[in-house]
Amino acid sequence: MMDLLDLILQPWIFIPLIFPGLTTAFLVLLGIIWAERKIAAKVQMRYGPLYVLKPLGGAIQMIADLLRYLFAEPIIPKDVDKLTFIFAPLILFGLSYLPTIVLPAGPGFTAISSEMSLLILLGLLTLSPVFTMILAWGSNNKFSLIGGLREGYLVTTYEIPLFLSALSMAVLYGTLDITAMVEAQKNVWGIFLNPLAAIVFLVLILISTSKFPFEIAEAESEIVMGPFTEYSGIFYGLVMGASYLKLYVLSLLYALIFLGGWYPLPSFLQNPPFLAGIMVFVKGLVIMFIAIFMRAIYPRYRIDQAIQIGWHKLVPLAILSIFLSLLVVYLGGV
Amino acid sequence: MSEFVETISRSEDGRFLELLIGPQHPASGHMRLVAEVDGDVVVSLRPNLGYVHRSVEKIAEVKKFLQIIPLVERPSLADTTANNLAYVLALERLLGVEPPPRAQYLRTLLAEINRIHSHFYGIGIHGVMIGSSTAFMWAFGDREPLIHLAQELTGARITYSYIIPGGVRRDMPPDFPDKVEKVLRYIERRLEDYDKLYVRNPVVRARLEGVGVLKKEDAIRLGITGPNLRASGVPYDVRKADPYCAYPDIDFNVITREEGDAMARFLVRVGEIRESMKIIRQVLKKMPDGPIFAEKYYKMLPPNLKKYYEETKEVKFPGIFANLRAPAGESVARVEGGRGEVVIYIVSKGGMNPYRFRIVTPSFRNAVLFEHLVRNVRVADIPAIYGSLDYFPPEADR
Amino acid sequence: MDLEEVVQRVKDALSDLEVEVQEKGPNVVEVKVNRENVIEAARKLKGLGFDHVKSVTAIDYPNERFEVVYHASSYSNLELARFFLVLRVDLPYDDPKTPSLLEVWPSVLYLEHEQYDLMGIDFEGHPRKERLLLPDDYEGIPPLRKEFKIKTEGINA
Amino acid sequence: MAVERVFDHLRAIATGAKYLFLKPRLTLMYPDEVEDLPRGYRGMITYNHETCISCSLCAMVCPADAIKMYLPKEVPEGEKRPKRYPGINYTRCIFCGFCVSICPTFSLQHSTIHDVSFYTFEEQIFRPEEFAKGPPKPQYDKEPVKVRVIPDEERGLRYERV
Amino acid sequence: MVCGLKGMMWVGNLEKAARKAAVWLVNKRPIRDIRDWGISFSLWPVHFTTACCGAEFAATSAPKYDAERFGFLPFVASRQCNLLLIEGTLTKKMAKAALWVYEQMPEPKFVIAMGACAIDGGIFWNSYNIVRPMDILPVSVFIPGCPPRPEAVAQAIIMLQKKIRKGELVKYEEMEVVK
């Protein structure tokens with residue numbers, strides 16, 4: 001029994017399977033969509049999901065929805081490209097989940113310790129929109145096609161400032177290793193050292209996970225469900241889950257590089273990694289909460305306006321944030 | 001009018017993509033929009049109507065005069081009072097009946113309550129079309145207090161059938177003015193929050209300002225009506241131009257704006273909500289006492305029903321209402337509803353049914369705006385413009 | 001402006017055409033015109049300030065005639081807006097054709113189209129000759145004509 | 001200008017947050033709570049067979065042809081022209097209340113029952129015999145709380161137990 | 001091509017057998033109950049307004065009645081929904097669209113007819129341009145009224161949920177896994 005526990009507590013098992021990997025990701029997926037609906041409902045002066053489990057405010061609503069996805073007929077329309085139609089959502093989901101393996105759950109507690117972990121993570125994240133575009137093409141639907149094109153435009157818009165603002169933090173800490181970046185924030189969090197990068201990165205999380213006001217690729221009143229229009233049943237569950245998983249990964253990354261990761265937890269509580277992990281997780285939840293709260297506030301931008309914001313505002317700001325980092329380093333660094 | 005000839009220009013090389021928006025589409029409502037897009041730009045758009053054509057005009061020819069009251073209400077469900085009132089005004093002109101003053105005031109009261117919740121309906125739909133679910137929920141939530149008031153007054157949530165030839169069906173309950181005042185204060189308070197969360201929201205403004213501009217001369221030329229007309233700077237309002245019911249005695253302004261864009265149309269609606277609240281307050285203050293049912297029909301009631309009417313202030317129909325006969329002739333009436341001017345034209349040859357019944361609803365007259373405004377705009381502007389028109393397909397198709 | 005003045009103005013404007021002008025009701029001016037003169041009359045009325053059409057109604061008097069009724073009014077002149085100008089055109093029953101007023105009043109675009117669709121009146125020069133409200137594959141008598149009968153039920157079950 | 005826009009963003013978010021944490025909800029908890037509708041609400045129709053004089057005004061005025069005059073199932077012996085009585089067809093009824101308003105003997109009345117649905121088409125047609133038994137009733141799992149809806153200055157609508 | 005879906009691994013009888021096994025498993029008692037429970041609390045009506053009852057349908061999801069409490073979430077595309085609410089009159093032109101939408105929806109799917117017009121035409125019963133939904137679609141619950149109050153719509157949802165949980169509506173025997 002203890003052997004099993006020891007085995008599970010090995011970072012190379014614990015991280016992909018428990019936290020921040022599969023198990024937590026799945027629970028977050030169930031929780032975050034429910035929370036999104038509940039938060040929007042509260043702002044809108046109503047209850048949201050409730051009767052499915054009344055004492056807990058309908059907390060298992062997503063389980064009911066998941067069951068429905070599972071047992072619904074997965075329609076594969078006649079005119080789609082079958083191979084892409086079936087495999088693109090699977091790969092998309094996998095790719096959205098994959099970056100969790102490079103995220104550290106505690107000091108020195110990583111599945112893959114690499115000096116380049118930030119780059120690996122960003123690189124993996126960049127891949128998933130490609131599959132969104134592929135599945136949009138494979139759906140053979142005009143609305144999907146437009147949605148895919150919109151996704152493509154947005155990718156080119158947000159990737160550059162996303163990299164730049166992440167890199168500005170790397171410049172600040174002088175490392176590309178996420179663990180080392182967290183260690184560098186022992187005294188002061190990154191968000192205070194480079195607030196500009198923090199704001200830009202937060203906006204970019206909204207864009208890249210297509211949250212309001214940048215929910216453009218699947219704008220329902222314009223192009224139905226965008227790339228996912230033709231998907232039904234469990235395939236739809238996968239593509240929907242993928243975008244929330246991406247939010248989860250980016251939120252954790254945000255917590256790690258801007259919000260000080262497991263600090264200010266005292267060092268004697270950081271090992272075993274549970275408490276450190278919980279600390280990171282809670283910070284990530286805050287970011288996720290902000291991202292889903294935006295649904296209740298904003299309508300969506302038009303695609304040209306979003307691209308304009310990306311190139312005219314976010315790119316210059318991201319470049320500025322690099323200079324800000326250089327300035328901070330010049331003035332004494334961290 | 002080369003403008004409307006061949007608006008859908010088939011491109012030879014397949015450069016344009018034809019998008020069929022609707023009838024099953026989150027932003028199409030009960031119609032189909034046939035858009036031709038070049039990249040992200042809409043080259044042309046034609047509405048395909050008729051998905052809710054239920055032949056009101058034909059059915060009216062076999063229905064009796066009183067039975068047409070619910071019939072004309074059905075097409076525009078969010079704004080039933082305007083249709084009801086327009087029809088009854090036309091019918092009263094034909095019958096030569098004049099309702100007593102208190103009934104006139106009660107009609108005005110209901111019409112304004114209905115106008116507010118109809119405008120909230122429009123605001124909500126507009127909100128959800130550009131993606132703000134909160135605007136939809138708030139507007140539909142804030143309709144409810146007003147619907148509750150109308151329900152206390154008439155006994156139904158939406159389809160009031162309240163206005164009948166010669167008066168109205170019920171008097172208002174004694175504590176009604178208090179309740180109205182409470183709801184109006186609530187709405188005033190809420191409008192401030194709308195202002196903060198929605199109207200001044202930079203994303204909303206980016207989406208609506210300068211989008212779908214309708215010029216003043218185009219609005220006149222195309223015969224646009226309602227808030228859409230006034231948002232282009234034409235101060236035409238039937239309530240001022242050809243006053244009916246209690247409007248001659250009431251002081252209110254016609255809200256206009258000069259910009260003519262989607263934002264202006266939205267703001268005219270918000271402004272009219274405020275004006276309607278003003279009107280409601282005045283109506284309740286000036287409400288005269290007296291009967292609510294014309295003497296002509298009251299006399300026909302048997303004594304027990306007269307007694308019931310005096311006790312409860314609830315009108316019982318005289319038996320003649322089942323087979324109401326109108327003299328030969330024709331009459332036309334117009335009423336300013338929430339979405340614009342409702343014109344009703346009745347031709348009677350004498351008898352129990354109209355010979356020809358014509359209802360022109362504001363949405364039908366505004367339908368031309370789709371092809372006029374949605375041109376050289378982006379795909380994402382289609383719902384933004386559509387929403388701003390407050391267009392209700394069943395009303396257009398009848 | 002009162003009704004008599006409007007009637008006088010309309011009479012003056014249309015003096016060289018064969019028309020009948022009369023007042024009907026408190027705010028209705030009625031103009032009866034032949035279909036040959038209808039465009040000319042409409043153009044002159046537009047010059048007076050009647051700048052849009054509120055309603056186009058075709059009425060079917062079986063085996064007798066069709067009548068097309070335009071209700072026009074004004075937006076640009078708010079004094080005139082109080083009045084309805086009713087323009088009536090009689091058409092023979094076996095030849096329901098009349099020139100379209102689209103070039104004078106663009107606002108009749110959908111209104112005339114609807115009467116074409118539901119009553120089968122042929123508006124010459126109107127660019128749209130397809131179905132508007134009826135299903136695209138509808139064939140048969142236009143439904144608003146009197147010979148098109150719909151079901152009715154008595155009061156007994 | 002740009003600064004103003006930032007403030008507009010912040011104001012919008014603050015308003016949303018205010019509603020998230022402070023403002024009450026508007027929801028009526030149907031089916032646990034059911035609105036007790038005011039007198040005169042035009043709900044399902046009740047019919048009193050005893051006072052009906054079989055005048056058929058209701059059937060004549062009904063705009064949707066939902067009320068029809070039915071012959072009794074068993075015609076009493078010796079009666080040559082049996083009286084017809086009204087029955088209602090909820091598949092067509094539009095709840096305009098004209099039948100109630102025109103009934104000279106108050107045999108037709110409105111109930112405040114308003115939340116009924118049916119599984120089949122046939123069970124919505126009420127001949128005079130069933131019509132006289134009272135309006136159809138909604139199926140509740142447990143007896144709901146009746147609440148009165150009261151307009152309120154702060155919350156729009158308030159629900160008070162009857 | 002080997003990679004074509006047909007030739008990959010679900011060949012011939014194997015596929016049929018697998019499908020049969022899946023159907024057998026899904027229709028086993030505890031799984032069936034869980035499935036029916038999940039479906040009943042996750043009724044997503046497709047965003048398809050056929051006529052004016054859509055106004056009251058919108059009021060049903062609005063704050064005062066908040067149908068989302070029952071897991072009832074109006075959703076955008078027919079592929080992801082399992083409930084078709086005929087909101088009012090179905091005209092001949094719309095009936096074609098309704099059939100189309102119904103066919104696009106994945107099994108298990110349900111139909112509710114809302115409003116007198118959607119049951120027997122209501123006040124428009126003698127119109128030349130309407131179709132009765134029950135003639136072309138398998139309607140499970142009828143909501144009388146014109147328009148029905150939002151409470152009645154909520155009642156219909158609850159009644160449909162009850163019927164689903166009894167296992168009367170969801171049947172997998174005829175269902176095809178891959179269309």
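In the text below, chain A, chain B and the rest are named by the order of the sequence lines, each starting its count at 1.
No more than 12 heavy atoms of other residues, nucleotides or ligands lie within 6.0 Å of CZ in F7(D), so this atom counts as exposed by the packing criterion. Heavy-atom contacts from other residues, nucleotides or ligands closer than 6.0 Å to CD of E153(D) number more than 12. When the shell of 6.0 Å around NZ of K307(B) is examined, it contains 12 or fewer heavy atoms from other residues, nucleotides or ligands.
The two residues H9(D) and V203(B) have their closest heavy-atom pair at CE1-CG2, 4.2 Å. A pairwise comparison of heavy atoms in P151(D) and V183(B) identifies CB-CG2, 3.5 Å as the closest pair. Here the shortest heavy-atom pairing between K316(B) and F106(D) reads CE-CE2, 3.2 Å. Nearest heavy atom pair, residue T15(D) against residue K196(B), reads OG1-CB, 3.3 Å. The nearest pair of heavy atoms linking G16(D) to L197(B) is N-CD1, 3.7 Å. Closest approach of C96(D) and R169(B) over heavy atoms only: O-NH1, 2.9 Å.
By number of non-hydrogen pairs under 4.5 angstrom with chain D, the leading residue of Q151(B), K63(B), K64(B), E314(B) is Q151(B). Contacts with chain D were tallied for P202(B), P145(B), A322(B), P173(B); P202(B) has the most, counting heavy-atom pairs under 4.5 Å. For the options R190(B), E152(B), E188(B), E181(B), heavy-atom pairs under 4.5 Å to chain D are most numerous at R190(B). Between chain D and the options E73(B), E144(B), R185(B), heavy-atom pairs under 4.5 Å are most frequent for R185(B). Annotation: maximal heavy-atom pairing with chain D below 4.5 Å, among L66(B), D193(B), N323(B), L149(B), occurs at D193(B).
Taking 4.5 Å as the limit, some side-chain heavy atom of E154(D) sits within range of a side-chain heavy atom of R189(B). A 4.5 Å side-chain heavy-atom check between R205(B) and D8(D) finds at least one atom pair inside the cut-off. Side-chain contact check for S161(B) versus F98(D): some heavy-atom pair is nearer than 4.5 Å.
The backbone N or O of I150(D) lies less than 3.5 Å from no partner atom in the side chain of K179(B), so there is not a single donor-acceptor pair. Checked by atom type and distance alone, the side chain of R170(B) pairs as donor or acceptor with a backbone atom of G40(D) at under 3.5 Å. With hydrogens and angles ignored, the 3.5 Å screen pairs no side-chain donor or acceptor of R11(D) with any backbone N or O of R200(B).
With a threshold of 4.5 angstrom between heavy atoms, Y160(B) approaches chain D through N, CA, C or O but not through any side-chain atom. In this structure, the portions of I94(D) lying under 4.5 Å from any heavy atom of chain B include both its backbone and its side chain. Using a 4.5 Å cut-off between heavy atoms, V180(B) makes no contact with chain D at all. In this structure, no portion of F95(D) lies under 4.5 Å from any heavy atom of chain B. With a threshold of 4.5 angstrom between heavy atoms, I69(B) approaches chain D through side-chain atoms but not through N, CA, C or O.
In this structure, NE2 in H148(B) is found 9.0 Å from CG in L37(D), a value given to the nearest 0.5 Å. With rounding to the nearest 0.5 angstrom, the CD1 atom of I164(B) is 7.0 Å from the OG atom of S101(D). For the atom pair OG1 of T105(D) and CG of N304(B), the computed distance is 8.5 Å after rounding to the nearest 0.5 Å.
Residues of residues 45-71 of chain D that come within less than 4.5 angstrom of chain B, heavy atom to heavy atom, are L57(D), M60(D), V61(D), C62(D), P63(D), D65(D) in numerical order.
For H110(D), there are no side-chain hydrogen bond (donor to acceptor under 3.5 Å, both in side chains) partners at least two apart in sequence or on another chain.
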